[in-house]
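For reference, the structure discussed in these notes is given below.
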Amino acid sequence: MSEGQRYSAKEAERRWQDEWSKQRIFATDNDDPRPKYYILEMFPYPSGRIHMGHVRNYTMGDVVARFMRVRGHNVLHPMGWDAFGMPAENAAMQNRVHPKDWTYDNIASMRGQLKLMGLSLDWDREFATCDIDYYSQQQRLFLDFYETGLAYRKNARVNWDPVDHTVLANEQVIDGRGWRSGALVEQRDLTQWFFRITAFSDELLTALDHLDRWPDRVRLMQRNWIGRSDGLRLRFEIAEAKRTDIEDLEVFTSRPDTLFGASFLAIAPDHPLADTIAATDPMLADFIAACRRGDTSAATLETAEKFGHDTGVKVVHPFRPRERLPVYVANFILMEYGTGAVFGCPAHDQRDFEFATKYGLPIRAVVAPVDRFDNESDLVAWLEQFMAGEEAYVGDGQLINSDFLDGLSVPDAKEEIARRLENSTLGDAPQAVRQTNYRLRDWGISRQRYWGCPIPIIHCDNCGVVPVPIEDLPVKLPDDVSFDQPGNPLERHPSWSHVACPKCDGPARRETDTMDTFVDSSWYFARFTAPRASNPTDRAAADAWLPVNQYIGGIEHAILHLLYARFFTRAMAATDHLGLSEPFAGLFTQGMVAHETYRRIDGTWASPAEIVIEEKDGRRTAIDKATSEAIEIGPIEKMSKSRRNTVDPTDIIERYGADTARWFMLSDSPPERDVIWTEGGVEGAHRFIQRIWRIVSDAATDPAWPAGTLAAQQSFTPAALELRRTAHRILKAVSDHFAALRFNVAVAKIYQLVNAVAAVEPSARRGDVSLALAHREALELTVQMMAPMVPHLAESCWETLGYSDLVATRDWPQPDPALLVEDTILLPVQINGKKRAELTITAGAADSDVENATLALEAVQKALAGKPPRKIIIVPGRIVNVVV
RNA sequence: GCGGGCGUGGCGGAACUGGUAGACGCAAGGGACUUAAAAUCCCUUGGGCUUGGCCCGUGCGGGUUCGACUCCCGCCGCCCGCACCA
């Protein structure tokens, strides 16, 4: 091979990127009449550099976009920036750079990096969520939500970092300390803004059933997160009520069937009844204070012991009027869930069991797995065993020791209790009502930060909370802010927050909180359909484009982002900004990019760029480039800054080209699983790129290269026909695999075709025109099939094959149905289910012919040894099984 | 603890609706070309045996079936999510 034929990715990639951009082939027109297809990858946070996770995500989306485009769709494939957030403010504090400058600088460099990848994006639609144009429309949405009651203000207990002067999300509290400042986090009651996501609890839950193009895993996670629980809210009468003036205590339970096993009630430390009693009970007051100091992090709760304090108050059992149940304040009861009070049935709830054991409360079994029993003595034995054990029985069964419920199943007993208590009264109201509770809470969106979307509200001493009039939008973030002290710069800005009340014109203050950045990403997909519209959406455009046909992103957003976006879509429908309820018809969660780790003797991590791998006798050793010292090769882990096992995409693109990076990302690993980035794998991908180029340029310059295509060719030699069959079969397979996002299998199929093409000797082509034509066809199909994955190389090959148009705009080829069916097939023949022979036979042969041919086979004759077969199973076109 | 997923060669993985297990790639070994190397090309590569053939083999043990990586039951291991939610 002559040396001049090496493919220069760098030159070719720049050239084709310029060409695509010049011809504007990826700019999307809303009025294009072809069927629409909206493909979206989760937009990036502009941290400064793209990472391999981005490369993988955007490569997958790009394959789908390019594939759907050549399949005749009007494809929307936009890109933007999730640009508000803490890192910009941290940078401002550390490096004295303005968050806005930092963010837009990062966007500029990341945009440049993304462009090197050759993505088929409509850059005309690009925006950043920190653009005034975007966040002003978001303020408009907020006002509409406020108007309809979907946004509201309430007091809430929050994690407060006293050093940074801000609210922290639960995930930002580590061992009770602020993740950034390290300060002990306080619980504070603050007035915060909320979105009423719980208005849609049930809808968000039930609609999951219809999202059949979402991974089950994600749907399940959302189901658990929403946490529907059907039960009964029931009131207990307080005995000797005069002590508190409170006459009843309401609990929520999903197990009303176990009411006869109740032995205590427990209320949350911040329950109103606890407060009332604590006023005259210093010991209880101390107990409550201790609970409040307690660490609320999940890790602590896991091992936390259950503590309670007897209030001395007693309640009356609804069906056993003479029985009194003690009321405890307990540290494991949450005021936010249900009524902040439960009845404890120790026999059938593990938590209650532990509590009862600790405080010596009765444990009465009222449900038994009776289907396991043959007689009464079995039940007695079971009860004895249960009482001796240390676990509650939470399984199914039949009611025992429960008066009128005895013998009923758990569901029937629940129903019977509900029916009776609904129809009896306590005071003036029914003693119980059926209720469905959800774990899902309203979404607190207030953040005491500068770099976010200002909440468009004004607080007036006379008029109270006054929304900013729509005509006064946007509420712009001031530029002149300082980050030299902790806290919210908006709050200490000398003039920004001081405004006249829109209602009374009196002196008033702006809301200085900004919105959680999850708000920004909850509707960007809708904005892309008409990014310059003067309203949040252009209804015609949004209705035409949405839902997103295929959304691709990381599993880490399975709950929060995807749930918020589903809520937002409903809230925007309720305020007439959208006309649908589910934003993403298809969701794909891609795996992460992992890499080996390298650790020096002193414990510091070395990056892949700092080491050299040496191989001796099959053993790999890492050597520090700088010091020549040996470095331990550690386990393969997700690429992360902390372990320094990252590979910079631009280094790879610089060295091998974008197509190599893209091809590697798509090969081998199934897209939903983690991919391990290896130097060897990248080299392999690069060799493939070079090989394709060599095959194409050799073929096109070969004397045997046919001038025309095979349209006019009447007859094909067997070799030519076989090649055509292979090519068309693989074309069909690759089309299917692309549609199903099985890129790794599509890659394998393309390798197969390339191998078949490369196996055709030039000498054979020279002597056989039909083979030369079939070879040319197979090569062209290969290039077209590769094009969505390695678009630059494909353009170069397409040009070399003699075409002057772009392969990116060529219609996707259709497999010839006649070539997909075989004349003769190779049928595996099994004897007793094990493959023993093969049978070459005409496709579609009658079963009797197959049977006769099978029986004539030597291996079959041998196995039968003269006897007739017991049975012959023929699965047409698939297999024959002879049972001897 | 609850819920979900996954276990296939030295490695990543493929295998339709239950129908030829190991496609394709990587790695390894052998060979060709070359003064040499790189690059490229060709061959071999699940294990075993008495090797023109046979036996075993998809985490382990059972089952259903003419036939099981695939379905069912019971284990073992790994990974992920949630977690005092009544």
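Here is how names work: the chains are called A, B, and so on, in the same order as the sequence lines, proteins then strands, and each is numbered from 1.
- When the C1' atom of B:rC82 is taken as reference, atom CD1 of A:Ile555 falls 13 Å away, rounded to whole Å.
- Applying the 4.0 Å criterion to OP1 and OP2 of B:rA23, one finds that A:Asn755 has every side-chain N and O outside that range.
- Residues that satisfy the side-chain contact (heavy atoms from CB on, under 4.5 Å) test with A:Ala622, not counting sequence neighbours, are A:Tyr598, A:Ile611, A:Ile613, A:Ile631, A:Ile633.
- Nucleotides B:rG57 and B:rG47 have their C1' atoms positioned 7 Å apart, rounded to a whole Å.
- A:Arg217 comes within contact range of the sugar-phosphate backbone alone, with a heavy-atom separation under 4.0 Å but no base atom that close.
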Could you tabulate the donor-acceptor pairs under 3.5 Å formed by side-chain atoms of residues 827-837 of chain A, not counting sequence neighbours?
from     : atom 1 : to       : atom 2 : distance (Å)
A:Asn832 : OD1    : A:Val884 : N      : 2.9
A:Lys835 : NZ     : A:Glu838 : OE2    : 3.3

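- Taking A:Asp847 as the reference, nothing meets the side-chain hydrogen bond (donor to acceptor under 3.5 Å, both in side chains) condition, with sequence neighbours excluded.
- OP1 or OP2 of B:rA86 lies within a sub-4.0 Å distance of a side-chain N or O belonging to A:Tyr337.
- Distance alone, capped at 3.5 Å, places no donor-acceptor pair between the A:Tyr328 side chain and the A:Phe264 backbone.
- Within the 4.0 angstrom heavy-atom criterion, base atoms lie near A:Phe252.
- When the P atom of B:rA86 is taken as reference, atom CZ of A:Phe236 falls 17 Å away, rounded to whole Å.
- Taking the ring centre of A:Trp225 as origin, the terminal cationic atom of A:Arg439 falls inside the region bounded by 6.0 Å and 45° from the ring axis.
- In this structure, A:Asp349 places its CG atom 14 Å from P of B:rC2, rounding to the nearest Å.
- As rounded to whole Å, 11 Å separates atom P of B:rC79 from atom CD of A:Glu637.
- Mapping A:Gly684 and A:Gly227 onto RNA chain B via the closest heavy atom, the residue that lands nearer the 5' end is A:Gly684.
- Rounded to whole Å, the P atom of B:rA68 lies 28 Å from the corresponding atom of B:rG52.
- Under the side-chain contact (heavy atoms from CB on, under 4.5 Å) criterion, A:Pro635 pairs with A:Thr597, A:Glu637, sequence neighbours left out.
- Comparing B:rU17 with B:rG67, their P atoms sit 22 Å apart, to the nearest whole Å.
- In this model, the phosphate group of B:rG3 is not approached by any side-chain N or O of A:Arg223 to a distance below 4.0 Å at OP1 or OP2.
- A:Asp270 is linked by a side-chain hydrogen bond (donor to acceptor under 3.5 Å, both in side chains) to nothing, counting only residues two or more places apart in sequence or in another chain.
- Spacing between atom NZ of A:Lys638 and atom P of B:rC80 amounts to 12 Å, rounded to whole angstrom units.
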If the sugar-phosphate is the primed atoms plus P, OP1 and OP2 and the base is the rest, what is the B/S/- string for nucleotides 8-20 of chain B, using protein heavy atoms under 4.0 Å?
-> ----BSS-B--BB

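- At the heavy-atom level, A:Arg687 lies under 4.0 Å from the strands shown only through sugar-phosphate atoms.
- Stems are defined here as 3 or more consecutive Watson-Crick or G-U wobble pairs with pairing distances under 3.5 Å; those involving RNA chain B are B:1-7 with B:76-82, B:10-12 with B:24-26, B:28-32 with B:40-44, B:46-49 with B:53-56, B:59-63 with B:71-75.
- Spacing between B:rU70 and B:rG7 at atom C1', rounded to whole Å, works out to 14 Å.
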Using a 3.5 Å cut-off and no angle test, enumerate the donor-acceptor pairs between side-chain atoms of residues 587-595 of chain A and protein atoms at least two apart in sequence or in another chain.
from     : atom 1 : to      : atom 2 : distance (Å)
A:Gln590 : OE1    : A:Asn57 : ND2    : 3.3

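- Between A:Ile226 atom CD1 and B:rA83 atom C1' the separation is 17 Å, expressed in whole Å.
- Base engagement by A:Leu334 is indicated by at least one non-hydrogen atom pair under 4.0 Å involving a base atom.
- For a distance-only test at 3.5 Å, the side chain of A:Arg439 fails to qualify as a donor-acceptor partner of the base of B:rC82.
- We find that CZ of A:Arg351 is positioned 15 Å from P of B:rC2, with the value rounded to whole Å.
- For A:Phe664 and A:Tyr656, the gap between ring centers reaches or exceeds 6.0 Å.
- With the nearest nucleotide of RNA chain B identified for both A:Arg691 and A:Ile333, A:Arg691 has the one nearer the 5' end.
- The separation of B:rG13 from B:rC6, taken at their P atoms, amounts to 13 Å, rounded to a whole angstrom.
- For the C1' atoms, the distance linking B:rU50 with B:rU40 amounts to 42 Å, nearest Å.
- In B:rG13 the base sits anti relative to the sugar, since the glycosidic angle is further than 90° from 0.
- Whole-Å rounding puts the A:Arg255 CZ to B:rC85 P distance at 14 Å.
- Comparing the same atom, C1', in B:rC56 and in B:rG9 gives a spacing of 15 Å after rounding to whole Å.
- Taking the side-chain contact (heavy atoms from CB on, under 4.5 Å) definition, one finds that A:Glu336 meets it with A:Leu334, A:Arg441, sequence neighbours left out.
- Ring centroid separation for the pair A:Phe386 and A:Tyr393 does not come in under the 6.0 Å cut-off.
- Distances shorter than 4.0 Å separate some side-chain N or O of A:Lys834 from OP1 or OP2 on B:rC56.
- Judged as a salt bridge (Lys or Arg N to Asp or Glu O under 4.0 Å), the pairs with a partner in residues 211-223 of chain A (not counting sequence neighbours) are, in order, A:Asp209-A:Arg223, A:Asp216-A:Arg219.
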Between N or O atoms, less than 3.5 Å apart, protein on one side and nucleotides 45-54 of chain B on the other: list the pairs.
none

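- Here the side chain of A:Thr311 pairs a donor or acceptor atom with the backbone of A:Val327 at under 3.5 angstrom.
- Atom P of B:rU58 sits at a distance of 30 Å from the matching atom of B:rC43, rounded to the whole Å.
- Taking A:Lys732 as the reference, A:Asp736 meet the side-chain hydrogen bond (donor to acceptor under 3.5 Å, both in side chains) condition, with sequence neighbours excluded.
- Comparing B:rG4, B:rC85, B:rC82 against the side chain of A:Ile559 picks out B:rC82 as the nearest.
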